[in-house]
Amino acid sequence: MSFKLPDFLSWSLLDSLRQKMGAPLTENFVLAPIYSDISIIDQLNTGGVEIDLDEISVHEDGTLLYRGYRGLLHIRDITSIAGDTRMPRYHLAYCQTLEKMKKNSRFDRYVVAQTTAGEFKVNIIDREVTSQTVRLNVCQNCLDRIHWRRFSLSGMSRTERKYRVEHFALSEFFKEYPRDLIKAKPLHTSATAPLNDYPKNWAELSRAIKLERGYQCESCRESFSQNDFRYVHVHHRNGLKNDNRNENLAVLCIACHAQQPEHGHLKTHPDYKQYMTSHKR
């Protein structure tokens, strides 16, 4: 089906307005192509996109976002030293490694991609540049950041952590953390959504979580003794107090908890003021 555009110049009122604006007539009008998010998805799945720091944001659950999509960060250009090529890890959350790279102004070395196969395009730089598609391992700091399947740097042996990394599946990750946040459908309707409130056994549940994770803040990594247990909180990553899945719960000190979205009110709590004074933060 085709449509014929009307002759707008025959509309005297519109043509008079054009003349007042000084807008010239042209016969070489070209309709610029409209780019959709499909091109972004294609780029994310075919080698990745070079990014600036400002283009990456961090979801409240700790995962990385690029233009409304969850992304995976990896270093594409790898220098081989004397034939020794050490493959980098890929990142799915804003972990300690990325924070350190950012502080060292090395964040721009990353590209963002999106794949469920765990394979990424890299450039091996030796005497020549060789492009390869290789399988990379996930960053352990990232798994610890989102506490994936109860993954813990401090609570697991090296052997167990290595096993978890080798068997980590991005397909499973993207099932729980949808790649497309724009099209992600809510789990409930307004009629079926449960009340967003703490469960009746919240005190018992949160105490068990803190004990399991050694009363250590997952953000600043500070550990607390029994006398300071009141400074340790359990935070819901997605803001839903009724979502008490282990991976949705983060153990944070009161200072780091107060930095989370919509938690600034904690800074007025007496415990916060005492903690900041005693710990000189």
Side-chain angles (χ1 to χ4, degrees), residues 53-54 56-65 70 73 89 91-107 110 138-156 161 176-177 196-199 201-281:
L53 176 59
D54 294 339
I56 288 293
S57 58
V58 183
H59 194 274
E60 60 184 11
D61 59 19
T63 56
L64 305 170
L65 304 180
R70 281 195 171 87
L73 291 185
R89 306 292 189 262
H91 301 272
L92 48 80
Y94 190 66
C95 65
Q96 296 181 58
T97 304
L98 290 182
E99 187 174 0
K100 181 178 180 181
M101 295 291 279
K102 178 182 176 182
K103 289 181 179 178
N104 292 335
S105 300
R106 296 181 63 193
F107 199 91
Y110 286 92
V138 64
C139 168
Q140 292 192 28
N141 285 330
C142 288
L143 296 182
D144 185 67
R145 172 67 176 81
I146 64 173
H147 208 65
W148 177 257
R149 300 287 194 271
R150 300 189 180 185
F151 186 95
S152 173
L153 287 173
S154 59
M156 285 184 174
R161 296 198 307 270
E176 294 197 22
Y177 297 90
N196 186 21
D197 197 6
Y198 295 104
N201 65 336
W202 174 244
E204 178 182 349
L205 177 61
S206 61
R207 185 163 50 249
I209 291 292
K210 289 183 282 189
L211 179 62
E212 176 186 296
R213 303 186 193 177
Y215 283 89
Q216 183 183 54
C217 177
E218 297 176 20
S219 180
C220 68
R221 315 304 296 180
E222 182 170 351
S223 297
F224 293 80
S225 61
Q226 186 172 0
N227 292 334
D228 292 332
F229 280 175
R230 68 182 183 277
Y231 299 135
V232 185
H233 296 183
V234 177
H235 169 65
H236 291 83
R237 301 182 193 276
N238 63 8
L240 299 178
K241 301 172 185 176
N242 50 38
D243 184 358
N244 296 298
R245 293 172 298 133
N246 200 284
E247 56 268 25
N248 188 45
L249 302 177
V251 173
L252 301 174
C253 69
I254 191 171
C256 293
H257 198 186
Q259 298 300 319
Q260 300 302 310
E262 300 183 10
H263 283 72
H265 62 277
L266 289 174
K267 295 180 180 181
T268 63
H269 196 283
D271 284 350
Y272 178 88
K273 297 177 181 178
Q274 292 176 12
Y275 176 78
M276 298 301 287
T277 300
S278 61
H279 289 71
K280 297 180 180 180
R281 290 182 63 170

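Bear in mind the structure is a predicted one, so any value in this text is a computation, not a measurement.
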When Tyr215 is tested against each of Phe224, Phe229, Tyr231 for ring pair (Phe, Tyr, Trp, His ring centres under 6.0 Å), which residue passes?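 Only one of Phe224, Phe229, Tyr231 forms a ring pair (Phe, Tyr, Trp, His ring centres under 6.0 Å) with Tyr215, namely Phe229.
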Main-chain N/O of [Y] paired to [X] side chain as donor or acceptor, under 3.5 Å:
X	Y	answer
Asn248	Asp243	yes
His233	His235	no
Glu222	Cys217	no

Spacing of [X] atom [atom1] and [Y] atom [atom2] [to the nearest 0.5 Å]:
X	Y	atom1	atom2	answer
Leu64	Arg70	CG	CZ	9.5 Å
His265	Lys267	NE2	NZ	11.5 Å
Asn246	Ile209	CG	CD1	4.5 Å
Leu266	Cys256	CG	SG	11.5 Å
Met156	Gln140	CE	CD	10.0 Å
Gln216	Ser152	CD	OG	7.5 Å

Below 30° counts as parallel, above 60° as perpendicular, anything between as tilted: where do the rings of Tyr110 and His91 land?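 Correct class here is perpendicular.
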Could you list the residues that satisfy salt bridge (charged side-chain N to carboxylate O under 4.0 Å, His left out) with [X], not counting sequence neighbours?
X	result
Arg89	none
Asp228	none
Arg161	none
Glu247	Arg245

Under a 3.5 Å threshold, yes or no: a donor from one side chain and an acceptor from the other, between Thr63 and Asp61?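 Distance-only check passes for Thr63 and Asp61.
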Verify side chain to side chain contact (heavy atoms under 4.5 Å, CB included) between Trp148 and Val138, making sure each step is shown before the conclusion. CA-CA 11 Å; Trp148 177 257; Val138 64; over 6 Å; no
Arg237 and side-chain contact (heavy atoms from CB on, under 4.5 Å): which partner among His59, His147, Glu60?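 Looking at His59, His147, Glu60, the match for Arg237 under the side-chain contact (heavy atoms from CB on, under 4.5 Å) is His147.
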Assess the pair Tyr198 and His236: is the distance between their ring centroids shorter than 6.0 Å?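 Between Tyr198 and His236, the centre distance is under 6.0 Å.
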Heavy-atom closest pair, residues [X] and [Y]:
X	Y	result
Ala93	Cys142	O-SG, 3.4 Å
Asp144	Arg221	OD2-NH1, 2.8 Å
Ala255	Tyr272	CA-CE1, 3.9 Å
Arg230	Asn227	NH1-O, 3.2 Å
Val234	Trp202	CG1-CH2, 3.6 Å
Arg213	Leu249	NH1-O, 2.6 Å

By side-chain hydrogen bond (donor to acceptor under 3.5 Å, both in side chains) - contacts of Arg145 (at least two apart):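 For Arg145 there are no side-chain hydrogen bond (donor to acceptor under 3.5 Å, both in side chains) partners, ignoring immediate neighbours.
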Applying side-chain hydrogen bond (donor to acceptor under 3.5 Å, both in side chains), can you list everything that pairs with Arg150, at least two apart in sequence or on another chain?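 Result, side-chain hydrogen bond (donor to acceptor under 3.5 Å, both in side chains) vs Arg150: none returned.
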